[in-house]
**Q** 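Next up is a structure, given as structure tokens.
Just so you know, these numbers use all the heavy atoms, side chains as well, and skip hydrogens, waters and symmetry mates. Since we're looking at a predicted model, the values are computed, not measured.
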Amino acid sequence: MMTARNPFSDIPHAPAEHFKLLFYAAVLHVLRQTARAHESLEDMLKRFPFLAGYHNELAEHGLDGAPVDEAPHLWNGWLGSWESAAPGHLPLRALSEAAGLDRDALTLLVCIGMIEEETRFGPLFEALQNISGQRR
């Protein structure tokens, strides 16, 4: 069941934690796009089992029961509140502000580098593009 309380309230306001939260926002974006591009998210979770781990972890962090199209909106709302409460410098927030990037643009920027953090996204990206050898 989705939590009414911001599940990020106990997360320290640090650059590494900010990156993790943005990375999970990118994972949510990929899950939503995967569900839209294929018959069902469940089929893709079976085809790419590593996604199930992310899906389960996101559920544990407040998104249990959230529809795949609603989950990114919820996550980004919690993330925005967390960022607003951060007293110190967050490099990715500073980049976003300096470059005039909205949340979607920043999420896509993180998506670009996902394969550098998690190589298992490569075969998924290849399947989504339906082009052999295109893992980015």
Side-chain angles (χ1 to χ4, degrees):
M1 176 184 284
M2 290 176 289
T3 180
R5 174 187 160 284
N6 186 330
F8 304 164
S9 60
D10 295 332
I11 296 175
H13 292 100
E17 299 303 321
H18 189 221
F19 175 79
K20 288 177 191 175
L21 294 173
L22 286 167
F23 184 83
Y24 281 108
V27 169
L28 284 166
H29 175 77
V30 169
L31 288 173
R32 181 178 59 201
Q33 292 306 112
T34 299
R36 288 178 178 172
H38 292 82
E39 290 183 23
S40 74
L41 180 60
E42 290 74 25
D43 289 342
M44 290 306 285
L45 294 176
K46 288 177 188 170
R47 185 170 171 195
F48 299 98
F50 82 97
L51 287 176
Y54 283 109
H55 190 261
N56 293 338
E57 192 168 343
L58 289 160
E60 291 172 10
H61 285 88
L63 294 175
D64 188 27
V68 72
D69 282 332
E70 185 181 329
H73 176 71
L74 291 169
W75 191 269
N76 287 328
W78 296 327
L79 179 53
S81 295
W82 182 89
E83 287 173 333
S84 294
H89 177 70
L90 297 172
L92 289 171
R93 176 177 60 187
L95 170 68
S96 177
E97 291 169 357
L101 302 176
D102 64 12
R103 174 72 64 218
D104 289 338
L106 186 59
T107 299
L108 289 175
L109 183 63
V110 174
C111 280
I112 291 169
M114 287 179 85
I115 192 168
E116 302 302 328
E117 289 294 317
E118 172 68 84
T119 58
R120 295 180 295 177
F121 278 102
L124 172 64
F125 293 156
E126 183 177 30
L128 287 172
Q129 296 178 81
N130 201 26
I131 303 172
S132 181
Q134 295 298 313
R135 294 182 168 227
R136 295 187 176 275

**Q** Are Leu108 and Leu128 connected in a single hydrophobic cluster, I mean Ile/Leu/Val/Met/Phe/Trp/Tyr linked by side-chain heavy atoms less than 4.5 Å apart?
**A** no
**Q** Taking all non-hydrogen atoms of both residues, which atom of Glu83 and which atom of Arg93 are closest, and how far apart?
**A** O-NH1, 2.6 Å
**Q** Check Leu74 against Ala66 and note the closest heavy-atom contact, atom names and distance.
**A** CD1-CB, 4.0 Å
**Q** Any side-chain heavy-atom pair from Phe8 and Glu17 closer than 4.5 angstrom?
**A** no
**Q** Apply the test side chain to side chain contact (heavy atoms under 4.5 Å, CB included) to residues Val27 and Trp75: give CA-CA distance (whole Å), side-chain angles for both, the deciding distance (0.1 Å), then the verdict.
**A** CA-CA 11 Å; Val27 169; Trp75 191 269; over 6 Å; no
**Q** What about Phe50 and Phe121, are their ring centers closer than 6.0 Å?
**A** yes
**Q** Atom CG in Asp10, atom CH2 in Trp82: separation rounded to 0.5 Å?
**A** 12.5 Å
**Q** Please report the interatomic distance NZ(Lys20) to CD1(Ile11), rounded to the nearest 0.5 Å.
**A** 9.0 Å
**Q** Output the distance between atom CG (Asn56) and atom CG (Asp64), rounded to the nearest 0.5 Å.
**A** 9.0 Å
**Q** Within a radius of less than 6.0 Å around NE2 of His55, do more than 12 heavy atoms belonging to other residues, nucleotides or ligands occur?
**A** no
**Q** Under 4.5 Å between any side-chain heavy atoms of Gln33 and Val68, yes or no?
**A** no
**Q** Between Ser96 and Leu92 (side chain of the first, backbone of the second, donor and acceptor by atom type, cut-off under 3.5 Å), is there such a pair?
**A** no
**Q** Checking Glu118 now: which residues fulfil side-chain hydrogen bond (donor to acceptor under 3.5 Å, both in side chains) with it, not counting sequence neighbours?
**A** Tyr54, Arg120
**Q** Looking at Cys111 and His29, what are the two nearest heavy atoms and their distance?
**A** SG-CD2, 3.8 Å
**Q** Quick check: do Glu70 and Leu63 have side-chain heavy atoms less than 4.5 Å from each other?
**A** no
**Q** Could you work out, with side-chain hydrogen bond (donor to acceptor under 3.5 Å, both in side chains) as the rule, every residue matching Ser84, not counting sequence neighbours?
**A** none
**Q** How long is the gap from OG1 on Thr107 to CG on Leu79, to the nearest 0.5 Å?
**A** 8.0 Å
**Q** Any idea which heavy atoms bring Ala26 and Val110 closest together, and the distance?
**A** CB-CG1, 3.8 Å
**Q** Give me the atom names and distance for the closest heavy-atom approach of His13 to Leu90.
**A** C-CD2, 4.5 Å
**Q** Could you give the distance from CG (Asn76) to CG (Leu22), rounded to the nearest 0.5 Å?
**A** 8.5 Å
**Q** Passes side chain to side chain contact (heavy atoms under 4.5 Å, CB included), Lys46 versus Leu51? Steps please.
**A** CA-CA 9 Å; Lys46 288 177 188 170; Leu51 287 176; over 6 Å; no
**Q** At their closest point, which heavy atom of Ala52 faces which heavy atom of Leu45, and how far apart are they?
**A** N-CD2, 3.7 Å
**Q** How many angstroms lie between atom CG of Leu109 and atom CG of Leu101, to the nearest 0.5 angstrom?
**A** 6.5 Å
**Q** Do Leu124 and Met44 make a side-chain contact, defined as non-hydrogen atoms from C-beta onward lying under 4.5 Å apart?
**A** yes
